[in-house]
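These numbers come from a predicted model, not from an experiment. Every heavy atom of this structure was used, including side-chain atoms; hydrogens, water molecules and symmetry mates were not. When a residue number appears, it is its place in the shown sequence, counting from 1.
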Amino acid sequence: MAAGHNPLHGAIPGAFLNGAGVVNYGILPQGPPPGPPTCSICGEISSNLQNVGCDHLHCNNCIAANVRASLNPNDVFAPAKCCRVIPHEILVRAGTLSDDELTKYSDQMEELTSPHGRLYCWGPDCGAYILNANRTKRIGKCTKCARRTCIACLRKSHFGACDKTQMDAERETDDAVFRLAKSRGWKRCPNCLTLVQRNGGCNSITCLCTQLFCYQCGGAFVDGRHDCPHRQRQAEQMAQRREEQRQQQQREQQ
């Protein structure tokens with residue numbers, strides 16, 4: 001072979017044969033250039049794409065359609081999501097939702113995920129959720145009908161102490177539910193405290209508020225990971241049983 005001749009020149013950039021006939025690479029071969037970015041939902045090429053928090057790209061129109069589907073009054077509210085719930089700032093950045101739509105969505109997200117407890121208007125013809133911003137230490141004011149609800153007894157706002165007899169009766173009802181939940185092994189969501197009953201499947205539960213938690217111990221997943229103490233104990237017990245079986249087999253063979 002003539003000195004300096006590279007038979008792979010032009011076929012594989014940077015590749016050449018050494019004296020032993022082995023292919024070496026000055027640089028790794030490059031694949032075809034990436035195509036224009038497309039929306040992960042509709043597949044359209046667009047310059048208006050948003051990374052929705054899980055490295056998937058959604059166009060602004062699909063983000064808006066996702067939120068509007070969540071706000072459908074005929075369905076139970078569920079947050080707009082891809083692999084995870086889409087952050088609110090991305091919904092704003094998309095620029096395809098009205099201020100009214102963003103407000104309604106934000107209010108329903110608070111109702112679903114608020115750690116402060118849910119408060120609803122006492123009015124028999126209302127029952128609207130009362131936002132945290134519309135509550136004081138004692139009462140919450142409904143923005144739909146302007147009624148005031150006592151935060152302690154959840155009844156019409158009043159002067160003086162709450163009706164203890166009525167509160168005790170309601171507490172007994174709640175206690176009965178909690179006793180049933182305990183006897184059935186139901187778990188509370190660590191985020192919104194809703195009681196959750198599992199009908200089957202694995203121990204990884206996604207609550208309606210989108211919190212992922214372990215049904216076995218009730219602990220929350222953090223960044224998709226959870227070290228369940230029950231699972232660790234089970235693994236230790238299984239390892240101990242296997243060791244006992246091994247020792248038993250050794251004694252039988254002696």
Taken to the nearest 0.5 Å, the spacing of Ser106 OG from Leu91 CG works out to 9.5 Å
So does Asn132 get a backbone contact from the side chain of Glu110, meaning a donor-acceptor N/O pair under 3.5 Å? yes
For Leu119 and Cys150, which heavy atoms make the closest approach, and how far apart are they? CD1-O, 4.3 Å
Can you tell me if Thr103 uses its side chain to pair, donor with acceptor, with the backbone of Asp99 under 3.5 Å? yes
In terms of heavy-atom contacts, Tyr215 and Gln197 come closest through OH-CA, 3.7 Å
Does atom CZ of Arg198 have more than 12 heavy-atom neighbours, drawn from other residues, nucleotides or ligands, at distances under 6.0 Å? yes
Of the non-hydrogen atoms in Ala80 and Ser70, which two are nearest, and what is the gap between them? N-OG, 3.4 Å
Check: Arg135 side chain, Ile130 main-chain N or O, donor-acceptor pair, under 3.5 Å: yes
What I'd like to find out is whether the side chain of Leu180 reaches to under 4.5 Å of the side chain of Trp186, using heavy atoms alone. yes
Can Glu243 and Arg246 be counted as an ion pair, charged N to O under 4.0 angstrom? yes
Which distance, rounded to the nearest 0.5 Å, do you find between the OG of Ser46 and the CG of Asn60? 6.5 Å
Would you say that Cys126 contacts Arg147 through its side chain, given a criterion of any heavy-atom pair below 4.5 Å between the two side chains? yes
What's the spacing between Thr149 OG1 and Asn134 CG if we round to 0.5 Å? 11.0 Å
Does Ile205 belong to the same Ile/Leu/Val/Met/Phe/Trp/Tyr cluster as Leu195, with side-chain heavy atoms less than 4.5 Å apart forming each link? no
Any heavy-atom pair between the side chains of His158 and Arg138 that's under 4.5 Å? yes
Give the cluster check for Ile86 versus Leu49: same hydrophobic cluster or not, with ILVMFWY residues linked at side-chain heavy-atom distances below 4.5 Å. no
Search all heavy atoms of Phe213 against all heavy atoms of Arg188 and return the closest pair with its distance. CE1-O, 4.3 Å
Looking only at non-hydrogen atoms, find the nearest pair between Leu212 and Thr206 and report the distance. CD1-OG1, 3.5 Å
Answer with yes or no whether the hydrophobic clustering places Met109 together with Ile90; edges join I, L, V, M, F, W, Y residues whose side-chain heavy atoms lie under 4.5 Å apart. yes
Within this structure, what is the NZ-CZ distance for the pair Lys104 and Arg68, rounded to the nearest 0.5 Å? 11.5 Å
Path from Leu112 to Val67 over hydrophobic side-chain contacts below 4.5 Å: yes
Would Val52 and Ile45 show up in the same hydrophobic cluster when neighbours are defined by side-chain heavy atoms closer than 4.5 Å? no
Okay, side chain of Arg118, backbone of Glu111: is any donor-acceptor separation there less than 3.5 Å? yes
Determine which pairs satisfy ring-ring contact (aromatic ring centres under 6.0 Å, His included) with at least one residue from residues 46-100, sequence neighbours left out, and list them in order. Phe77-Tyr105
Here the gap from Asn51 atom CG to Ser40 atom OG, rounded to the nearest 0.5 Å, amounts to 9.0 Å
Under a plain distance cut-off of 3.5 Å, with no hydrogens placed, do Arg251 and Gln248 share a side-chain donor-acceptor pair? yes
Spacing of CH2 belonging to Trp122 relative to OG belonging to Ser157, to within rounding of 0.5 Å: 10.0 Å
Can you see which heavy atom on Lys187 is nearest to which on Gln216, and at what distance? CE-O, 3.5 Å
